[in-house]
Amino acid sequence: MKPRFSALFLCTLMIASVFAGCLGGEDDVDGCMDATANNYNADATVDDMSCTYDPTMTSVMESYAADTMAYDDAWSSLQSIRACAETGSNNPCEIVEMTIGDASTFDPHDAYDSASGDVIENVFDTLYRYEGDGSGNAIIVPRLATGHTISDDQLTYTFTLRDDVYFSNGDHMTAEDVVYSWERVNEMASPLSHVSWITEQNFNTSGLTMIDDTHFSVTLMQPYAGFISTIAYTVGAIVNKDLCEANRIVTADDPATADVDESSDDWCHGWMDEAPLGAGTGAYIVDSWTRETSIVLTPNWMYWEDGGFNINRFTSQIVTEASTRLLAFQDGEADFGSLNIEDEPEFCDNYEDGPNVVGKEGFVCTYRESFTITLSAMNVMPKALDAGEESNNTDANSSLVLNHDCDMDGTMDCNVMSQSAVRKAIAYAFDYDTARRDTYSGQLAPVYGPIPNGFLYDETQSQVFSYDLTIAEQTLEDAGFIKQYDCSSLTVAGAPTVVAEGDRDGDECRLPNILRIMANEGNDYRIAMAGQIAQSLGSIGVATDGDAKPWAEYLTMYYTSTFEIRFSGWAPDYLDPDNYWTPFAASHDAGGDAYGTNYHNAALDENLTAARVSTDDAERTQLYSNAFALWTEDPNMIIIGQGNGISVKRTDIVSAPWAAIGSAHWFDYDKLPVA
Amino acid sequence: MKLQEFIVRRLILLIPVIMGVSIFTFAIAQIIPADPAAALCGEKCGVVGSNGLTAYESNVIRLGLDKPVWQQYVIYVTNLLEGDWGESVTFHRPVIEKLRDAAPITLEMSFLSLAMGFPMGITLGIFSAVWQDKLFDQASRFVAIAFVSLPIFWLAMMFQYILGTQVGICDPITQALPLVPDTEGGCFPIYGRHDPTYTFPDTGTGFHLIDSWIVDEPTKFNPQTNRYEVSMSHMDMFMDTLKHLFLPCFTLAVASTGGLLRYMRASLLEVMNEDYVRTARAKGISETRVILVHAVRNALVPIVTILGFSIGGAIGGAVLTETIFAFPGMGKTAVDAIVYLDFSMIMGVTLVTAIIFLLSNLLVDISYAIVDPRVRLE
């Protein structure tokens with residue numbers, strides 16, 4: 001009996017224990033058992049599904065997308081969720097920057113200046129954009145696009161877009177907005193800035209096709225490896241189609257005055273000029289723009305990127321006077337001061353040793369490489385003003401200075417500057433090291449060709465030219481430019497006096513004219529470099545002349561071609577070597593010669609055109625190597641250096657990784673609170 | 001001639017003068033060896049658009065520079081009369097709009113600087129004359145020469161540094177006056193027209209000292225809530241504007257005080273030797289009354305002339321002070337326009353300056369009649 005009893009007892013016990021839970025109801029606690037919920041009950045033993053949560057960005061946007069939340073409610077909910085709430089004596093939710101010049105427009109499709117771009121990059125988005133990779137390099141990262149495919153013929157790009165992007169007025173962004181935006185760039189043709197050339201070179205309106213809300217395609221006129229980088233520039237920004245159309249002003253032609261074209265279409269440029277609410281999908285909106293005074297940006301709470309805002313207000317104060325900016329930065333009235341180079345050592349130790357610079361107490365000094373090139377353009381077909389002709393003659397009908405017999409037929413049919421030996425000699429007569437080290441206080445790094453260091457295909461270049469007056473003089477001598485002209489007889493275009501061979505004493509000049517060297521007033525660096533090369537050339541028997549010109553006059557001389565050597569610079573528009581090689585060294589016929597050097601080298605054109613359309617890395621490398629070899633034998637520029645700057649900021653500013661192209665994105669910045 | 005008749009006649013005379021100014025400036029612009037089309041596109045004039053034209057060529061067409069000069073002038077004058085003063089290539093907006101913003105800034109600053117400078121110069125001039133060759137006279141004349149000799153930009157930068165950034169320098173002033181310092185370091189802001197945490201509506205007069213009283217509900221920005229919600233009074237706005245105006249106006253005032261002191265001193269010394277002053281003294285009138293009532297009033301007549309020119313001078317001086325203190329007024333506008341050869345803007349600034357100058361001289365002429373009843377409006 002004993003075993004049977006034990007088994008029966010155990011079974012009863014097991015069954016009883018199963019029902020024990022049902023019988024013991026008085027000890028259970030109902031409640032929310034999710035520790036992340038607002039009403040989490042630590043004592044709850046039974047989840048009664050009553051959990052409530054604070055709204056999140058995702059939940060608000062889902063409600064808004066589902067039409068269960070109004071725009072105003074969504075906007076204020078998102079503001080409560082995303083706004084910076086830090087406090088401190090340094091206003092940690094606010095950044096004040098002092099800048100030198102005002103923006104020209106916030107219309108991304110007609111802006112071509114950095115001051116406008118700085119705002120546009122924060123108010124509008126592009127499909128891709130430039131960012132720093134943390135190692136000083138610039139990379140292209142997806143933004144409104146999640147990716148793209150390219151057709152086998154390399155002509156058609158099909159883009160996939162994010163589906164969670166809203167304009168700041170709550171309108172959903174779709175492929176229709178993108179297609180409209182790019183159509184607008186080309187059709188409006190940027191009347192003020194001409195920036196539309198960047199897109200016009202690749203596609204026309206008929207190449208744009210909307211597929212569905214998140215897909216569209218663009219067919220290029222010819223393959224272009226740099227296409228994605230061109231649309232990462234602000235000219236590729238996406239604007240709100242509906243708002244633009246609602247504010248577009250179209251004037252029809254008046255039939256009564258048929259002979260006068262009175263039709264016009266502003267493509268909503270007048271409305272877009274100040275980027276009102278709803279214009280873009282970027283992280284910020286334009287709160288106010290007091291011309292020539294300040295620009296204030298505040299958050300677009302509907303911004304699609306995850307996370308809160310560290311900066312609730314960004315103010316750009318326009319202060320042209322350097323001493324005022326310096327005082328304001330010292331005084332704590334500005335977080336960024338756009339300091340002049342000569343003022344920077346006040347905040348940095350070890351300043352002369354650029355890469356190892358460190359900030360003094362309270363400041364961070366960082367050495368940064370940029371893609372800005374400092375150069376001197378050499379004009380192969382210089383002109384001179386005709387007698388009585390004004391230098392502001394916009395017809396540019398001044399006469400060519402013909403002072404050399406290029407085809408050896410006994411007549412002067414070209415200019416000495418058309419001779420590559422002369423330009424090579426000039427390139428050897430420039431003191432690169434002094435310019436980089438002294439003139440630019442070490443803030444100019446060596447670069448040996450049009451492509452900046454750190455850029456794609458920079459390995460196709462190496463040092464060829466250096467400061468060597470012996471080579472410079474020998475190059476001229478070998479090319480037949482011997483010392484034979486009476487220097488005092490030289491003019492810009494007049495016939496020189498040739499000194500009889502027996503009467504020459506070695507003080508004669510080698511070239512039959514005076515070379516005009518141009519720098520612009522106010523740019524002390526260019527003026528110093530112009531002085532240096534004038535001195536060097538003088539020492540090898542080349543006469544020069546050059547005063548610093550007011551900016552407007554400098555530009556006029558450039559355009560009317562009335563110069564031989566012109567100091568200038570280039571900041572890139574987009575991240576492709578073609579944005580350097582073509583404007584620098586391609587001929588006007590090949591879409592280049594932005595510097596008015598009148599340079600034409602057919603073989604170089606051929607290589608650059610092929611490199612432009614090639615999408616094969618190895619082939620492009622070879623083509624750019626060929627181009628460099630050709631160009632160094634026939635240079636049209638002195639490539640002086642690549643701008644490297646020291647950035648100075650306060651220690652409480654935490655910035656995003658530096659990118660040598662593009663502007664600061666304030667959503668990625670933080671300002672640490674100071675007690 | 002009645003006063004109204006005189007004013008109308010002088011106003012009508014403004015028309016040929018303004019036409020003359022427009023022809024003169026147009027001619028100067030043609031002679032200047034620079035090209036506004038090139039200035040507009042800068043270093044990227046060579047980029048070629050889809051129409052096959054370079055940026056430069058497109059600008060030439062857009063600005064009408066491909067037309068003969070006389071046609072350009074006729075078009076300009078016609079547009080001018082129709083209220084279209086052209087588009088500024090520097091500021092990317094209509095010239096008239098830019099001038100409407102810039103003129104009140106300069107006028108406000110100029111008038112306030114005159115309001116500070118004239119009393120200072122006249123008072124010091126009176127004391128210098130009264131205490132001729134005494135220590136005060138010697139010292140004030142020395143200071144006057146010093147202030148006249150010092151470049152205005154240097155004065156501006158010194159005041160900016162001392163009064164704008166140095167802690168404690170002006171504590172006594174700020175304690176005595178309701179100019180509570182909220183800038184870091186000093187007691188006066190070193191740049192700008194007002195605290196950047198609030199804005200003035202575009203619909204105002206442009207004179208912030210006036211607009212500060214007509215803003216509907218003055219509020220400041222609260223960065224924590226990202227809203228304009230910190231309530232402020234009209235007086236707060238007015239005092240903040242005044243505080244921002246102080247350094248540029250004080251600079252201009254100090255720069256003009258020296259000259260005024262010397263004018264007033266010389267004028268008063270001359271008047272003090274007149275028979276009617278001697279007669280007044282002989283009649284036993286107190287010396288204070290002789291100086292203030294009989295001498296100073298007569299000595300002020302030539303000073304009124306200077307007042308007219310001083311308005312023009314203040315606008316000229318504004319070129320540097322506006323640049324240093326970041327006031328986007330007429331002076332700074334003129335400099336920017338000249339640098340970029342912004343032809344429409346140069347013409348606009350010149351015309352407005354000429355009009356201001358002519359009107360201020362008209363006011364001076366009217367003032368003569370008030371100060372000196374012997375002057376007739378003819």
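In what follows, chains are A, B, ... by sequence order, proteins preceding strands, each numbered from 1.
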Trainee: More than 12 foreign heavy atoms under 6.0 Å from OH of B:Tyr161: is that the case here?
Mentor: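 12 or below, so no.
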Trainee: Return the minimal non-hydrogen interatomic distance between A:Thr320 and B:Thr323, and the atom names on each side.
Mentor: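 Closest pair (atom of A:Thr320, atom of B:Thr323, distance): OG1-CG2, 3.6 Å.
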Trainee: Is A:Gln317 in contact with chain B via its backbone, its side chain, both, or neither, using a 4.5 Å heavy-atom distance?
Mentor: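 Contact with chain B involves the side chain of A:Gln317 alone.
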Trainee: Nearest 0.5 angstrom please: A:Thr290 OG1 to B:His194 NE2, how far?
Mentor: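 Between A:Thr290 OG1 and B:His194 NE2, I get 6.0 Å after rounding to 0.5 Å.
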Trainee: Contact part of B:Phe327 toward chain A, heavy-atom cut-off under 4.5 Å: side chain, backbone, both or neither?
Mentor: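 Nothing of B:Phe327, per the 4.5 Å heavy-atom cut-off to chain A.
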Trainee: Could you tell me which portion of A:Thr105 (side chain, backbone, both or neither) has an atom closer than 4.5 angstrom to a non-hydrogen atom of chain B?
Mentor: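 Contact with chain B is absent: no heavy atom of A:Thr105 under 4.5 Å.
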Trainee: Does some side-chain heavy atom of A:Glu292 sit less than 4.5 Å from a side-chain heavy atom of B:Asp101?
Mentor: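 No, their side chains stay 4.5 Å or more apart.
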Trainee: Which bit of B:Arg193 is near chain A, if near means a heavy-atom gap under 4.5 Å: side chain, backbone, both or neither?
Mentor: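 No part of it gets close to chain A.
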Trainee: So do B:Tyr191 and A:Glu321 actually touch side chain to side chain, heavy atoms under 4.5 Å?
Mentor: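 Result no, sub-4.5 Å side-chain heavy-atom pair not found.
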Trainee: Given 3.5 Å as the limit, does a donor-acceptor pair link the side chain of A:Thr324 with the main chain of B:Ile324, or not?
Mentor: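 Yes: the side chain of A:Thr324 pairs with the backbone of B:Ile324.
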Trainee: What part of A:Ser196 is in contact with chain B, defined as an atom under 4.5 angstrom from a non-hydrogen atom: side chain, backbone, both or neither?
Mentor: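 Neither part.
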Trainee: Name the region of A:Asn204, side chain, backbone, both or neither, that has any atom closer than 4.5 Å to a heavy atom of chain B.
Mentor: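 Interface part for A:Asn204: neither.
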Trainee: Can you tell me how far CD of B:Gln160 sits from CG of A:Asp331, rounded to the nearest 0.5 angstrom?
Mentor: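 Answer rounded to 0.5 Å: 10.0 Å.
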Trainee: For B:Ala318, check side-chain contact (heavy atoms from CB on, under 4.5 Å) against everything at least two apart and list the hits.
Mentor: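 B:Thr106, B:Met109, B:Thr321, B:Glu322.
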Trainee: Rounded at 0.5 Å granularity, tell me how far CE in B:Met157 sits from CG in A:Leu327.
Mentor: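 The CE atom of B:Met157 sits 7.5 Å away from the CG atom of A:Leu327.
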Trainee: Would you please name every residue forming a salt bridge (Lys or Arg N to Asp or Glu O under 4.0 Å) with A:Glu187, sequence neighbours left out?
Mentor: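 Residues passing salt bridge (Lys or Arg N to Asp or Glu O under 4.0 Å) with A:Glu187: none at all.
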Trainee: Which pair of non-hydrogen atoms, one from B:Ala326 and one from A:Ile318, has the smallest distance, and what is that distance?
Mentor: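 Residues B:Ala326 and A:Ile318, closest heavy atoms: CB-O, 3.8 Å.
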Trainee: How long is the span from the CG atom in A:Asp110 to the NE2 atom in B:His92, to the nearest 0.5 Å?
Mentor: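 Reported to 0.5 Å precision, the distance equals 9.0 Å.
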Trainee: So for B:Phe200, is it side chain, backbone, both, or neither that comes closer than 4.5 Å to the heavy atoms of chain A?
Mentor: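 Neither part.
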